[in-house]
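See below for the structure under consideration.
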Amino acid sequence: MRGIRIKGKINIPAKNINLSRFSFDDNHINNERNHNVTREEALSFIKNAKLSISKWNGKFENYYSFDGATYVDIENKNIRTAFKQEEFKEDVEKMIEVLKNMNDINCPNHSND
């Protein structure tokens with residue numbers, strides 16, 4: 001993924017995590033940031049993540065699926081933010097495109113529709 005500015009340690013596949021005791025920061029995600037993401041959607045972004053990025057020596061884990069991203073504060077057991085793919089920044093869009101191309105190479109009969 002050269003040329004794409006992503007900070008942190010990239011994990012492919014995404015790091016496994018048990019979120020059963022993690023809180024969901026609805027106020028930050030939906031009231032402050034207006035992402036309009038439910039807890040269920042945030043969890044689905046993690047479940048379907050193609051990769052995760054460990055940040056701040058593992059304090060945070062950011063999960064990216066084709067449909068959206070969820071950022072998890074591991075230390076405080078909190079789903080800190082989540083947003084849909086329409087809000088991906090350019091570098092994340094490039095990273096997702098690389099992943100889709102890798103998926104096509106590994107599964108030539110798979111459709112991204």
Side-chain angles (χ1 to χ4, degrees):
M1 291 197 205
R2 291 189 173 179
I4 301 174
R5 291 174 286 156
I6 303 293
K7 294 181 182 177
K9 180 185 177 289
I10 297 174
N11 304 296
I12 301 175
K15 221 176 206 185
N16 284 331
I17 187 169
N18 179 349
L19 295 167
S20 62
R21 295 187 180 206
F22 280 62
S23 60
F24 178 75
D25 196 341
D26 187 54
N27 185 56
H28 176 76
I29 295 167
N30 295 311
N31 296 334
E32 293 174 9
R33 297 292 185 174
N34 297 312
H35 292 312
N36 298 315
V37 173
T38 65
R39 180 183 179 91
E40 291 73 27
E41 287 172 313
L43 293 174
S44 77
F45 299 156
I46 294 170
K47 179 182 177 188
N48 297 313
K50 302 303 177 186
L51 66 78
S52 66
I53 301 175
S54 299
K55 296 191 171 203
W56 292 92
N57 294 319
K59 180 180 179 196
F60 288 91
E61 195 73 24
N62 299 354
Y63 291 85
Y64 295 90
S65 74
F66 295 155
D67 298 319
T70 300
Y71 295 3
V72 179
D73 180 343
I74 303 295
E75 192 172 278
N76 294 306
K77 297 189 182 303
N78 182 32
I79 298 170
R80 180 63 178 147
T81 199
F83 50 92
K84 297 174 183 166
Q85 60 90 20
E86 294 87 17
E87 295 186 68
F88 285 166
K89 292 182 179 174
E90 185 178 347
D91 281 341
V92 173
E93 287 177 346
K94 288 177 184 177
M95 178 180 71
I96 294 296
E97 192 59 37
V98 168
L99 291 170
K100 285 181 178 179
N101 290 337
M102 288 172 54
N103 195 44
D104 287 343
I105 290 169
N106 294 328
C107 304
N109 294 326
H110 173 77
S111 171
N112 287 324
D113 299 335

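The first residue in the sequence is number 1, and the count goes up from there. What's counted below: heavy atoms across the whole structure, side chains too, no hydrogens, waters or symmetry copies.
Crowding of R33 atom CZ: a count of heavy atoms from other residues, nucleotides or ligands under 6.0 Å not exceeding 12. Sparse packing is recorded around CG of N16, with 12 or fewer heavy atoms of other residues, nucleotides or ligands lying under 6.0 Å away. At most 12 heavy atoms of other shown residues, nucleotides or ligands fall within 6.0 angstrom of atom CD in E90.
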Would D67 and K84 count as a side-chain contact (heavy atoms from CB on, under 4.5 Å) if you check the C-alpha gap in whole Å, the side-chain angles of each, and the deciding distance to 0.1 Å? CA-CA 6 Å; D67 298 319; K84 297 174 183 166; over 6 Å; no
Verdict with reasoning, F66 to Q85, per side-chain contact (heavy atoms from CB on, under 4.5 Å): CA-CA 7 Å; F66 295 155; Q85 60 90 20; over 6 Å; no
Derivation and outcome, side-chain contact (heavy atoms from CB on, under 4.5 Å), residues V37 and E87: CA-CA 12 Å; V37 173; E87 295 186 68; 5.8 Å; no
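Summarising the geometry of K55 relative to K7, their closest heavy-atom pair is CE-O, 2.9 Å, with the distance given to 0.1 Å. Between S54 and E61, the shortest heavy-atom contact is OG-OE1, 2.6 Å. Nearest heavy atom pair, residue Y64 against residue A69, reads CD2-CB, 3.6 Å. L99 approaches K50 most closely through the heavy-atom pair CD1-CB, 3.8 Å.
One N or O on the side chain of S52 and one on the backbone of K15 form a donor-acceptor pair closer than 3.5 Å. In this structure a side-chain-to-backbone donor-acceptor pair under 3.5 Å is present from N30 to N36. Put simply, the side chain of N31 never gets that close to the backbone of D26: no donor and acceptor are under 3.5 Å apart. Here the side chain of T70 pairs a donor or acceptor atom with the backbone of A42 at under 3.5 angstrom.
Here the straight-line distance linking atom CD1 of I46 with atom CG of L19 works out to 4.5 Å at 0.5 Å rounding. Interatomic distance, CZ of R39 versus CZ of F22, reported as 10.0 Å (0.5 Å rounding). To the nearest 0.5 Å, atoms CG (D25) and CG (D73) are separated by 9.5 Å. Rounded to the nearest 0.5 Å, atoms OH (Y71) and CG (N78) are 15.0 Å apart. A distance of 11.0 Å separates CZ of F60 from OG1 of T81, quoted to the nearest 0.5 Å. With values rounded to the nearest 0.5 angstrom, E40 atom CD is found 12.5 Å from K47 atom NZ.
Counting only N and O atoms by type, the side chains of S20 and N18 include a donor and acceptor under 3.5 Å apart. Between the side chains of N11 and K9, at least one donor N or O lies within less than 3.5 Å of an accepting N or O.
Note: F45 and F83 fail the aromatic proximity criterion, with ring centroids not under 6.0 Å apart.
Hydrophobic cluster membership is shared by I12 and M95, with clusters built from Ile, Leu, Val, Met, Phe, Trp and Tyr side chains linked at under 4.5 angstrom. Linking Ile, Leu, Val, Met, Phe, Trp and Tyr residues whenever their side-chain heavy atoms come within less than 4.5 Å places I53 and F88 in a single cluster.
Annotation: side chain of Y63 is in contact with side chain of I17 (closest heavy-atom distance under 4.5 Å). Side-chain contact between N27 and E32 is present, with heavy atoms from C-beta onward closer than 4.5 Å. F24 places none of its side-chain heavy atoms less than 4.5 Å from the side chain of L43.
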